[in-house]
Protein chains: 2
Amino acid sequence: MNGKRMTILDVARETGVYYSTVSRALRNDRRIPEPTRLRIRLAARRLGYVPNRVARSLAHGATHTIGIMLTDMQSYFVAPMDEFQNFSDRSNYTLSVHFCSWDQRRERKGLQHFAEGRVEGVIWAPVQWEGPEFVQSIADLQAARIPVVMLGLQRDQQSVPFHQVGAKPADKLALGLDYLLGRGHRRIGIATATNLNGQRGRLHVERLALLRGLFEARGLPLLADDIFNVVDEDYGGFDIAAELSRRAPPRPTAIFALDDFLARGLMKGLRVLGLKAPEEISVLGFDVVGDEAAGRWPLTSVWLESRRMGELAVKQLFKIIRREAANTPPQTIIVPPRIVEGGSVGKNETNSLFLKESHDTDPAKTSS
Amino acid sequence: MNGKRMTILDVARETGVYYSTVSRALRNDRRIPEPTRLRIRLAARRLGYVPNRVARSLAHGATHTIGIMLTDMQSYFVAPMDEFQNFSDRSNYTLSVHFCSWDQRRERKGLQHFAEGRVEGVIWAPVQWEGPEFVQSIADLQAARIPVVMLGLQRDQQSVPFHQVGAKPADKLALGLDYLLGRGHRRIGIATATNLNGQRGRLHVERLALLRGLFEARGLPLLADDIFNVVDEDYGGFDIAAELSRRAPPRPTAIFALDDFLARGLMKGLRVLGLKAPEEISVLGFDVVGDEAAGRWPLTSVWLESRRMGELAVKQLFKIIRREAANTPPQTIIVPPRIVEGGSVGKNETNSLFLKESHDTDPAKTSS
DNA sequence: TTGAAAGCGCTAACAG
DNA sequence: CTGTTAGCGCTTTCAA
């Protein structure tokens, strides 16, 4: 019970064969006849043998693992992770995930761990695209001959020593703005939250600045009063809805909400407060996440193509790992922006807002 | 550039010492004199040598890695993960994280991977506490002599072959209910969402059932109309707020909101709709996550002690790894429930709801 | 202080 | 088809 770990030697001894025969049997080598194989596998199971991947990897020089380095555990990453999983499952690779919590030192250490662990590839959403840690990490990975695909795009597209997959915020915002213009809107408001802490706030600052430029480039006026810059982390959309319902009709006919939470909170708020969307006011979302709901989603939005990005990233990585694109110069894959129109309203809209008493626990069961 | 990976042999050749000297130098063995050590480290860096942890682990038999198996990437796990990171950083261990997306097959495969990779310990939040996969995974881990600490509690406390850390839902609900009773509330409503898909819906079903029992045990009436069972995934709290504001004053004086989202949406909705909390109606949250905000949080709530659970779990695991508790019988650590009162209101409450134009980009910069 | 050599658990090339 | 043997890259005695 509390002895040493079993090795193939133990299994060999138990079954009376040579230990390389055990090794082969356990890997289902067709040269070992079926019955022997079975006998060996059974013995291994009986003894509680667990193969040692450390030794295995050292021997044949492949870890069959890929490393994922992410900034944090945001829902943003759920869809990409799902793609990583699916793809590597199919290829019989395993994922090793690290979150650095926006800490570049942690990021550096984690990547070093990947490099020393000889993962066969890395997908990395960097905290920053510069600085000594960043450069060092790239160097480590290169020295260990580990291919990297970045999630996201570096700002200035110099020739960089890594592949990258991402979307361009400016293109996405332009698409959204032009969509609204195309629908006849001339007074367009912006819902944003530039003052939030951390990355989310920074994104809003960037988006608002870009959007300002786009308004200007199109000769479109942007009234200070039409920038709804909220302070509430998660439910700010509700404040905007309230503010809008307070305003007399010379008001924006559309609101471009610069993130998922804001957009959905705003939609919900408008509905609860009795302002009809899109009849009285239109809402366009940005970077909306819930991707399975595409089409059934009541909100029209510039899509966050995170699933697509994940898919492209992992495919590119495996291309390199499989030497199909070994010495390809690093590629920059840009995901084109896309608008998904709020289609047939989801289930939440068709039914009542509340569930009524009826489908309770079976009374027969409560008697026990 | 595109040659083979460097090994200590290359470094030895480069520096003219024996390769075991290199091994020692790189691990900062004090027997190697300072200057030699430095010379070797420099050469290693120059050559782009990256230590091979696979080989290292095989040689000394320790991977210095712990495996984390989680059901999904929910915010629930952010605080525990943070504790895991902090603790293992300090002990110079690295984390390998897996998410199984509530898929028991994936969970099984991932744990097997951990076992074969000889991680030195596992923290595991199981999808289910039973079934063949569960039993097999436990067996694997035991066969590989890998200690496990579970995140969560098994229902019937049989003597189980693993440590576990968790809280009891019934205790938490009872604490919450008695808190409200203690504040004089007699007509208490419940905000829930039993119809949501996946785990969240299941949790609501469980909580509502438990709470029903607690009401009954205290001889407290629970009106069907006072169960606000919403259908909206994220903003159902708004719907409840709207419904409450519609009702004439013989209505609940307090609402026990059975999850974080519901509670916060409800609070926000009440404020926007002009219903004063807690003067006109009290809200008690449940399993509220935002733990850094403790005290500054405007919402009184039965706390989700996820950080504490994470901390206790990782501490327990390291105790076992360090043999301080090697052959201790598996312990069940129960985190006592706790209510955190919404203290001094956070920054979001003191200021206006909107940010006004003023702190824009420096005009000096726009001129460029 | 450093060199020599054994070995971690397994794979794979080569015989037989 | 199975036994033999040589590593994989590193750590760790044991000598010198």
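Just so we're clear, the structure is a prediction, and the values are computed from it rather than from any experiment. Atoms considered below: every heavy atom in the structure, side chains included; atoms not considered: hydrogens, waters and symmetry mates. Sequence lines set the chain letters: A, B, ... in the order given, protein chains first and strands last, and positions in each chain run from 1.
Ion pairing between A:R5 and A:D10 fails under the 4.0 Å rule for side-chain N and carboxylate O. The pair A:R307-A:E311 does not count as a salt bridge, with every side-chain nitrogen at least 4.0 angstrom from each carboxylate oxygen. Checked for salt-bridge contact, A:R106 and B:D89 meet the test: a charged N lies under 4.0 Å from a carboxylate O. Ionic pairing of B:R108 and B:D140 is present here: one or more N-O contacts between side-chain nitrogen and carboxylate oxygen are shorter than 4.0 angstrom.
Ring geometry, B:H98 versus B:H113: the interplanar angle falls from 30° to 60°, so the pair is classed tilted.
A:S20 comes within 4.0 angstrom of a nucleotide base, judged by non-hydrogen atoms across all strands. At a threshold of 4.0 angstrom between heavy atoms, the contacts of B:S23 include nucleobase atoms, whether or not backbone atoms are also involved.
Checked against C:dC10, C:dC14, C:dT2, the side chain of A:R24 finds its nearest nucleotide in C:dC14.
Position along DNA chain C of the nearest nucleotide to B:A59 versus B:V17 favours B:V17 as the more 5'-ward residue.
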*Using the salt bridge (charged side-chain N to carboxylate O under 4.0 Å, His left out) rule, take A:D29 and A:R31 through it: C-alpha gap first, then chi angles, then the decisive distance, then the call.*
CA-CA 5 Å; A:D29 192 313; A:R31 288 175 301 186; 2.9 Å; yes
*Kindly determine whether B:E83 and B:R308 satisfy salt bridge (charged side-chain N to carboxylate O under 4.0 Å, His left out), including the steps that lead there.*
CA-CA 9 Å; B:E83 292 295 320; B:R308 182 104 182 93; over 6 Å; no
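When rounded to the nearest whole Å, the span between OH of A:Y18 and P of C:dA12 equals 17 Å. To the nearest angstrom, P of C:dG9 lies 15 Å from CG of A:L26. We find that CG of A:L58 is positioned 12 Å from C1' of C:dG7, with the value rounded to whole Å. Summarising the geometry, the separation between CZ on A:R53 and C1' on C:dC8 is reported as 16 Å, rounded to the nearest angstrom. When rounded to the nearest whole Å, the span between CZ of B:R145 and P of C:dG9 equals 13 Å.
Tested against B:V165, the residues B:T332, B:L317, B:I333 include a single side chain to side chain contact (heavy atoms under 4.5 Å, CB included) partner, B:I333.
For residues 28-46 of chain A, proximity to DNA chain C is found at no residue, defined as any non-hydrogen atom under 4.0 angstrom from a strand atom.
Protein chain A touches strand DNA chain D; the 5'-most and 3'-most nucleotides with an atom under 4.0 angstrom of its non-hydrogen atoms are D:dC1 to D:dG9.
In this structure, CD on B:Q74 lies 12.0 Å from OG on B:S306, to the nearest 0.5 angstrom.
Within the 4.0 Å cut-off from OP1 or OP2 of C:dC10, not a single side-chain nitrogen or oxygen of A:R27 is found.
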